[in-house]
Amino acid sequence: MAVSVDEAVSTRPARDRGSPARRFGGRGRSALEVTLLTVLAAVMLFPVLWMIETSIKENRDVYAIPAKFFDFKVTMDHYKDVFVASGSGRSTLSAAFLNSVVVAGASTALATVLGVPAAWAYSRFAMKAKKDQLFFILSTRFMPPVVVVIPIFLMYRQVGLIDSKLGLILIYAAFNVPFTIWMMKGFVDEVPAEYEDAAMLDGYTRLQAFWRYTLPLLLPGIAATAVFALIFSWNEFVFAIFLTSSDSVRTAPPAIAGLIGGTTVDWGLVAAASVVFALPVLVFAYLVRKHLVAGVTLGAVRR
Amino acid sequence: MGTVAVRGLRKSFGKVQALDGVTLDVPDGSFFVVLGPSGAGKTTTLRAIAGLDKLDAGSVHLDGRDATGDAPAARDLAMVFQNYALYPRHTAYENIASPLRARRCSASEIAAAVERISSLLHIERLLQRRPAQLSGGEMQRVALARALVRHPRAFLMDEPLTNLDLKLRVEMRTELTRIHRSLGATFVYVTNDQVEALSMADQVAVLKEGKVQQIGTPAEVYERPANQWVAGFVGSPPISLLACHAEGDRLVGAEGWTLPRPRWTTAEDGRPLLLGVRAEDLSVERRGDASLPGELYGLEPLGDRTVVDVRVGTEILKVKARTTVTGTPGERLLVTVDLDRAHLFDAGTGLTLSEAGR
Ligand SMILES: Nc1ncnc2c1ncn2[C@@H]1O[C@H](COP(=O)(O)OP(=O)(O)O)[C@@H](O)[C@H]1O
Ligand SMILES: [Mg+2]
């Protein structure tokens with residue numbers, strides 16, 4: 001997974017990053033900065049724009065040479081093809097999207113349910129070799145998926161988890177639990193243990209104290225952590241392509257990849273499917289962006 | 001009933017021995033103060049009584065019953081934390097109601113109890129605020145209210161007044177003593193402020209580096225400190241300590257002075273001693289046969305009295321005097337010592353030698 005704790009935390013100095021321009025440029029950004037940013041944005045965003053354009057072009061325009069940037073006819077046919085099969089009924093792609101929703105959602109929920117209490121325990125209790133344990137937990141993430149996928153494939157075949165959604169959910173949860181523990185431990189550390197102590201003297205058990213008084217303070221952190229876990233599970237490709245084969249189980253990334261190959265490639269369909277695939281991640285990250293920032297800057301909250 | 005007793009508490013954090021065999025007996029209904037400097041192990045002691053931390057050794061007895069392994073909720077204690085630990089997302093009302101909610105009291109019982117305690121502590125108009133909207137003194141009152149809202153076996157208070165400004169602190173001292181008297185409940189009260197300890201306590205336990213130095217009434221701790229350290233920690237201005245030894249019927253100072261040997265001391269000749277005299281038992285005005293030659297070092301006017309610093313050899317004596325006292329630094333003068341009220345400590349062990357013969 002590409003997102004590390006450091007990246008998660010890196011939104012904090014965002015305010016500082018803009019400041020040199022303000023300091024040197026007087027008002028606004030310097031012309032050089034604007035030019036560079038424009039060029040950079042164009043280079044970075046061009047593939048995205050091209051993908052969106054292709055998804056709404058008619059096939060004739062998709063293959064036109066020279067390429068048409070503006071003067072093409074807009075069609076929604078490709079989007080229809082993503083969801084509706086050529087005859088009638090649901091397409092295999094729409095089934096794949098549904099699988100992705102189920103697998104990403106369930107694995108994130110599982111990782112959160114397992115990881116948050118574990119993070120709380122690692123934060124609150126004295127235990128032997130705590131640092132070593134935490135390092136060991138993180139070390140399960142050091143191995144690239146391609147390396148472990150073969151042994152997991154063999155194990156899954158033995159226990160009948162191959163080509164099943166449950167199998168994918170478990171492996172994604174296994175990958176997300178260490179991340180959840182590490183990220184959430186930071187958030188739990190920020191919540192003073194005295195709230196729980198006070199609650200226990202009020203007459204609550206330790207678990208009730210956690211549930212009533214600590215957990216609500218952790219929600220922004222949990223939201224931030226869950227979004228990262230969700231994005232990992234949603235985007236994951238290697239395990240998905242090795243461990244699943246049937247259309248009824250396959251998630252979106254291998255299903256979209258499967259559209260490419262063969263003698264002709266329906267680029268319009270590939271582009272439309274990709275847009276549909278990218279959209280939930282963007283929307284979700286946008287919706288929780290406040291929580292992301294709140295979660296990431298929890299340490300600054302007045303105590 | 002509400003007796004609290006701890007036996008041989010030991011607790012270490014890594015290399016730090018926070019508690020090193022602490023034994024205390026808190027009688028029912030008493031205002032028991034644990035006094036010690038920062039890092040003495042006061043908080044750790046309270047947390048041990050509350051059952052919040054696992055102990056390395058020792059036991060906790062509540063009302064005569066061994067409660068060492070009991071969960072905090074089962075101990076029926078209330079605690080005011082050093083940093084208040086008010087629940088940040090709850091209003092003052094909800095904070096105060098929390099112990100009652102945990103005990104499944106009815107809404108009307110809760111409302112009545114919260115109202116009663118808030119009028120006692122004058123916080124009625126704060127009830128709908130959250131902790132972030134309260135000042136330090138207000139948070140402290142809410143934290144007190146959360147503890148006082150029910151009638152537990154004993155109240156544990158961890159430096160509840162330390163974060164307040166002086167005026168409020170003095171007010172709350174009186175207030176707390178009054179509440180204690182009206183409730184008749186057992187208070188275990190932790191502080192690093194010896195004035196608080198002396199003014200509020202029925203009994204004081206002086207703690208240093210996880211060891212109990214002395215237990216007694218405020219008067220006992222002040223008048224008969226068990227060792228040199230307690231003598232220095234309790235009392236303001238601090239007690240003056242002078243190196244000396246006994247020689248026949250004289251006490252001979254390291255600085256060359258001599259004083260009549262107090263009748264009560266049993267120390268053998270030549271043993272290194274420390275003579276401890278409190279500022280009020282020294283005088284630059286009175287005359288007596290026991291006096292030390294020194295020179296004026298400085299004057300500290302305190303309003304109602306003046307503390308005169310007198311240099312004897314290399315040591316500075318703090319002497320209480322009337323505000324009319326005057327002088328210029330360097331001026332030679334005689335300091336009269338009330339030997340009947342002085343203390344002698346073994347210079348090696350620091351233990352008092354005064355008690356044996358008195
Ligand atoms: N959770 C902890 N981890 C490590 N050391 C601690 C912890 N709690 C207390 N200590 C150490 O134990 C000693 C006693 O602490 P404490 O009971 O808090 O002192 P006091 O309340 O008298 O200031 C101190 O040296 C402190 O640093
Ligand atoms: Mg403390």
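Note that the structure is predicted; figures quoted are calculated from it, not measured. Throughout, protein chains are lettered first and strands after them, A, B, ... in sequence-line order, and every chain is numbered starting at 1. No hydrogens, no waters, no symmetry mates; every other heavy atom, side chains included, goes into these values.
For Asp76(B), no part lies under 4.5 angstrom from a heavy atom of chain A. Both the backbone and the side chain of Tyr204(A) come within contact range of chain B, each with at least one heavy atom under 4.5 Å from a heavy atom of that chain.
The OH atom of Tyr213(A) sits 11.0 Å away from atom CG of Leu86(B), with the distance rounded to the nearest 0.5 Å. With rounding to the nearest 0.5 Å, the separation of CZ in Arg212(A) from NE2 in His90(B) is 6.5 Å.
In terms of heavy atoms, Arg89(B) sits closest to Pro216(A) at NH1-O, 3.6 Å. Heavy atoms only, all atoms of each residue included: Arg150(B) and Leu201(A) are closest at NH2-O, 3.9 Å.
More than 12 heavy atoms of other residues, nucleotides or ligands lie within 6.0 Å of CD in Gln82(B), so this atom counts as buried by the packing criterion. Shown here is Met44(A), whose CE atom has no more than 12 heavy atoms of other residues, nucleotides or ligands within 6.0 Å. Shown here is Gln133(A), whose CD atom has more than 12 heavy atoms of other residues, nucleotides or ligands within 6.0 Å. Taking a 6.0 Å sphere around CZ of Phe237(A), one finds it holds more than 12 heavy atoms contributed by other residues, nucleotides or ligands.
A side-chain donor-acceptor contact under 3.5 Å links Tyr87(B) to the backbone of Ala199(A).
Residues of residues 96-107 of chain B lying under 4.5 angstrom from chain A, judged on non-hydrogen atoms, are Ser98(B), Pro99(B), Arg101(B), Ala102(B), Arg103(B) in numerical order. Inspection of non-hydrogen atoms places Arg47(B), Ala50(B), Leu52(B) of residues 35-67 of chain B under 4.5 Å from chain A.
When Ala126(A), Ala209(A), Gly203(A) are compared by the number of non-hydrogen pairs under 4.5 Å with chain B, Gly203(A) comes out ahead.
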